[in-house]
Amino acid sequence: MPLPAFNEFGDLPEGIHRASLAEIVSRFGSGTAQRVAVTERLSRIHELAAATGCLDRLMVFGSYVSDISEPNDIDVILVMQNGFRSEDCPTESAVLFDHARANDEFGASVFWVRPNMLLGEPIDEFLAFWQTKRDGRKRGIVEVSL
Amino acid sequence: MIQNDQELKVTRERMSYLLDLLTRLRVSSRPEELALVSSGYRAEVERMQREVLDYLTKPATIAKAG
């Protein structure tokens, strides 16, 4: 199913919208030099997260998946498998799991979690939190098909 | 930037959720990974806290006009 059109607020409709990285790049990765640059960062983040061998889900939210022509950064959630150990991941990938380093090196706001860390909260409820905007409206987020 | 009381309410609710999440991460994370896994959520709470304080220390008439 193709990614839906933006709503009247310039956001995706509420919900989790699944797409391949190629579809995401096609939809969001052009138009301005800033979008191209941020898209390259997303591709690199995807590569490094997958290289851990423990990536379960990768979500993208915020201004990148909106109609804003020049998103400042990229907002990402990494849902890792329950067996993931950050100290065992490839050296290059380790930057993703340190929020400040990821921001410095990729201009990305990366949040990560293992489902067993949520102590009973369903992972979809955790993901729903990131769909709420400052004014209380809900916006859609994108899940990169792995 | 928070612009009205509705946004203040939503931001405080979101902060509450993240603080609850940090409470759970403190228990469910291995000690050696807690600093890493909590770093993003901590940064988000700190950002929201700044926004809340910026709003609450602005006169209500100016806040409403803003």
Side-chain angles (χ1 to χ4, degrees), chain A residues 45 49 52 54 59 61-62 72-89 93-106 108-123 125-139, chain B:
Chain A
I45 288 168
T52 65
C54 293
M59 326 296 294
F61 66 103
N72 286 330
D73 57 11
I74 184 130
D75 300 304
V76 171
I77 301 162
L78 303 176
V79 180
M80 307 304 291
Q81 296 166 5
N82 280 331
F84 172 68
R85 292 166 57 94
S86 55
E87 61 268 34
D88 292 342
C89 74
S93 302
V95 64
L96 297 181
F97 302 98
D98 182 322
H99 188 80
R101 284 187 63 199
N103 193 47
D104 288 343
E105 297 191 28
F106 293 109
S109 198
V110 180
F111 304 91
W112 70 274
V113 75
R114 293 193 304 265
N116 62 6
M117 288 174 162
L118 300 177
L119 296 183
E121 179 190 18
I123 190 66
E125 283 188 18
F126 167 79
L127 295 175
F129 168 82
W130 306 97
Q131 296 180 46
T132 302
K133 297 180 70 171
R134 181 184 284 119
D135 58 10
R137 279 200 299 260
K138 303 290 189 181
R139 63 184 170 189
Chain B
M1 186 169 67
I2 295 172
Q3 302 205 359
N4 52 55
D5 287 351
Q6 169 63 14
E7 292 186 1
L8 173 68
K9 177 176 179 288
V10 171
T11 302
R12 292 179 74 178
E13 288 170 352
R14 290 169 57 77
M15 279 181 61
S16 178
Y17 173 86
L18 290 177
L19 289 171
D20 180 76
L21 176 62
L22 285 169
T23 302
R24 286 180 276 148
L25 292 177
R26 188 166 174 264
V27 173
S28 62
S29 303
R30 290 177 293 109
E32 54 271 28
E33 68 184 354
L34 178 58
L36 285 179
V37 72
S38 65
S39 60
Y41 307 112
R42 174 177 179 154
E44 195 70 359
V45 169
E46 289 173 339
R47 181 186 64 76
M48 290 178 177
Q49 178 76 340
R50 284 193 297 274
E51 290 186 358
V52 167
L53 290 172
D54 285 346
Y55 182 76
L56 291 177
T57 54
K58 191 162 55 175
T61 50
I62 294 175
K64 280 181 185 173

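Chain A is the first sequence line, chain B the second, and so forth, proteins listed ahead of strands; every chain is numbered from 1.
Rounded to the nearest 0.5 angstrom, B:Leu36 CG and B:Leu25 CG are separated by 12.0 Å. Here CZ of A:Phe111 is found 10.5 Å from CG of B:Leu21. Values are rounded to the nearest 0.5 Å.
Considering only heavy atoms from C-beta on, B:Leu56 comes within 4.5 Å of B:Leu8 through its side chain.
Across all their heavy atoms, A:Phe61 and A:Val76 have their closest contact at CE2-N, 3.8 Å.
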Test ring-ring contact (aromatic ring centres under 6.0 Å, His included) on A:Phe84 and A:Phe97; report intermediate values, then the result. CA-CA 11 Å; A:Phe84 172 68; A:Phe97 302 98; 4.8 Å; yes

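Taking the side chain to side chain contact (heavy atoms under 4.5 Å, CB included) definition, one finds that A:Ala102 meets it with A:Val110, sequence neighbours left out.
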Would you mind checking chain B against chain A for donor-acceptor pairs under 3.5 Å and listing them?
| unit_1 | atom_1 | unit_2 | atom_2 | d |
| --- | --- | --- | --- | --- |
| B:Arg14 | NH1 | A:Phe129 | O | 3.0 |
| B:Arg14 | NH1 | A:Thr132 | O | 2.9 |
| B:Tyr17 | OH | A:Glu121 | OE1 | 3.0 |
| B:Tyr17 | OH | A:Glu121 | OE2 | 2.8 |
| B:Arg24 | NH1 | A:Leu118 | O | 2.8 |
| B:Arg24 | NH1 | A:Glu121 | OE1 | 2.8 |
| B:Arg24 | NH2 | A:Glu121 | OE1 | 3.2 |
| B:Ser28 | OG | A:Met117 | O | 2.8 |
| B:Arg30 | NH1 | A:Glu87 | OE2 | 2.6 |
| B:Arg30 | NH2 | A:Glu87 | OE1 | 3.1 |
| B:Arg30 | NH2 | A:Glu87 | OE2 | 3.4 |
| B:Glu33 | OE1 | A:Arg114 | NH1 | 2.8 |
| B:Glu33 | OE2 | A:Arg114 | NH1 | 3.2 |
| B:Glu33 | OE2 | A:Arg114 | NH2 | 2.7 |
| B:Ser39 | OG | A:His99 | N | 3.2 |
| B:Tyr41 | OH | A:Trp112 | O | 2.8 |
| B:Glu51 | OE1 | A:Arg134 | NE | 3.4 |
| B:Glu51 | OE1 | A:Arg134 | NH2 | 3.3 |
| B:Glu51 | OE2 | A:Arg134 | NH2 | 2.9 |

